[in-house]
Amino acid sequence: MDKVDKIFDTFARNRLFVNKMVLQSSYSPETILHRTEQIEKIASILAPVLGGDKVSNLFLYGKTGTGKTLSARYVGEKIESRAREGKQEDLKFLYVNCKSRKVSDTEYRIIAELINLLGDKVPATGLPTEAVYSKFVELVDARKRVVVLVLDEIDQAVKKISDGFLYTLTRLNSDLRNAQISLIGISNSLTFMDDLDPRVRSSLGEEEVVFPPYNALQLKDILSVRAEKAFVKGSLGEGVIAKCAAYAAKEHGDARRALDLLRVAGELVVRAGGEKISDKHIDEANKKIEKDKTLDIIESGTTQSKLVLYSIVQLDVDKSFKSIFTGDVFNIYQENCLRTKNEILTQRRVGDLIGEFDMFGIINARVISKGRQGRTREIKLMLPPSVRNKAREILERDLDL
DNA sequence: CGAGATTCATGTGAAGTATACCTTTAGGCTTAA
DNA sequence: AAGCCTAAAGGTATACTTCACATGAATCTCGTA
């Protein structure tokens, strides 16, 4: 039989997933567990919009995967549907993720996206930012209503642009005659507010809701509910959910991570033609996610960073070096540059690149002093052999070696 | 023999440069009235 | 005249370089016992 047919067959025979969507991070469940307090607080702050009043600006903090976006959307949808029932249509939630590729992180495009959501168009480029703002104001102000802007990953946007952008937004209300704008900012960084212009801080942070990380127990609840829907009954082995929860709890209680683990584990089982997930698969999935993440970092690096990493990998494979120092890496790196006809960067720069790999956790670099032999970094490659070999393949391919 | 100076190989910081990509702006062209 | 498009002008992020100075323990120096 054709191999492709076989692949399709295993897939069709899949007796594991009922609905994989449930495990995707874009899925929004009907009920959100362990966030009642936060949701109630958001709801009580936003409730006045139902009466057509402007509400306080709101700020949501919390690490990734703590349900910020989910809760905000949930409350938003509830309020919108409530407003529709009450035949009060002059209420609008506009949700923008400031980091998504479409919006890309410029002030212009964020506003352009907002206009888009209001059902209008602006050219992708060419207009002065000022003009885009006034177009937006005009659209919003077309009739009497309340508009709530939800700005997700706002810290990213502010890092890219200046906080003057937020200032403009908070001041937008003074240009409006009919409508009212409220802002909801969502941020991963807990310290984000600290380095904002005080004027912005006071008006944006009128109300704050903090999303603490989920603990292992809560993660377990969340996973159970979702797994119920995602998988065929009885396909989860003993302790699988607990294991996922434990892994994710270690990663600052990241529910997204927990769901990913479960999904990837499922995919692994399906591909192997199995029908039951055991906790071994969770370990495998964890490794796979880690591996994909590091390989992703490696692949998306520049040619120069690949050359540096390749040199480190070479030294790591060659066991005659007991420990690897910056100087060794630089020497090998120069040879590699000559071989691949790339320009040779200064050692200063190569040192920084090594530092970046350290940040990503691909290597472990400790600054040590070797006395008369000066100071240097002692470098250890932190990839398990299988990942290291895969990484080497990728590097050799990308560098034409 | 030990306190202090020296030294090495590189870390680290600041400031400058080249490049690519974006936004802005102004001028010209088109279109509708 | 208003609107639209485009090319040049001006900005800004990135990926580097250059220069300058900092580090910290092995090693050397030299005064002292």
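Note on the helix from dC1(B)-dG31(C) to dT31(B)-dA1(C): terminal axis deviation equals 10°, with five pairs used at each end and the result rounded to 10°.
The CD1 atom of Ile379(A) sits 12 Å away from the C1' atom of dG11(B) (whole-angstrom rounding). Per the geometry, CD belonging to Glu378(A) stands 12 Å off P belonging to dG11(B), to the nearest Å. Rounded to whole Å, the distance from CG on Leu353(A) to C1' on dT14(C) is 12 Å. Rounded to whole Å, the distance from CZ on Phe325(A) to P on dT10(B) is 9 Å. Atom CZ of Arg366(A) is separated from atom C1' of dG11(B) by 15 Å (rounded to the nearest Å). At whole-Å resolution of the value, CD in Glu356(A) and C1' in dG11(B) are 15 Å apart. The interatomic distance linking Leu345(A) (CG) with dT14(C) (P) rounds to 17 Å, in whole Å. Atom CZ of Arg349(A) and atom C1' of dA18(B) are 14 Å apart (whole Å).
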**Request:** Test salt bridge (Lys or Arg N to Asp or Glu O under 4.0 Å) on Glu267(A) and Arg263(A) and set out the steps.
**Result:** CA-CA 6 Å; Glu267(A) 284 166 2; Arg263(A) 179 172 47 81; 3.4 Å; yes
**Request:** Any chance you could lay out the side-chain hydrogen bond (donor to acceptor under 3.5 Å, both in side chains) test for Tyr333(A) and Gln304(A), step after step, and finish with the verdict?
**Result:** CA-CA 9 Å; Tyr333(A) 159 79; Gln304(A) 290 295 350; 2.7 Å; yes
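For the pair Arg73(A) and Phe93(A), the cation-pi test (distance below 6.0 Å, angle within 45°) is failed.
As judged by a 4.0 angstrom heavy-atom cut-off over every strand, Ile354(A) is placed among residues making no nucleic acid contact.
Taking the nucleotide of DNA chain B with the nearest heavy atom to each of Arg377(A) and Gly371(A), the more 5' of the two is matched to Gly371(A). With DNA chain B read from its 5' end, the first of the two nearest nucleotides for Gln373(A) and Asp352(A) is the one closest to Gln373(A).
Taking 3.5 Å as the limit, the base of dT17(C) and the side chain of Arg348(A) contain no donor-acceptor pair of atoms between them.
Listed candidates were dT6(B), dA25(C), dC16(C). Nearest to the side chain of Thr302(A) is dC16(C).
Salt-bridge check for Glu290(A) with Lys293(A): passed, with a basic side-chain N closer than 4.0 Å to an acidic carboxylate O.
Interatomic distance, Leu345(A) CG to Leu353(A) CG, rounded to the nearest 0.5 Å: 6.5 Å. The distance from atom CD of Glu251(A) to atom CG of Leu219(A), rounded to the nearest 0.5 Å, is 11.5 Å. One finds the CG atom of Leu261(A) at 6.0 Å from the CD1 atom of Ile282(A) (value rounded to the nearest 0.5 Å).
The shortest distance between the side-chain N/O atoms of Thr326(A) and the OP1/OP2 oxygens of dG11(B) is below 4.0 Å.
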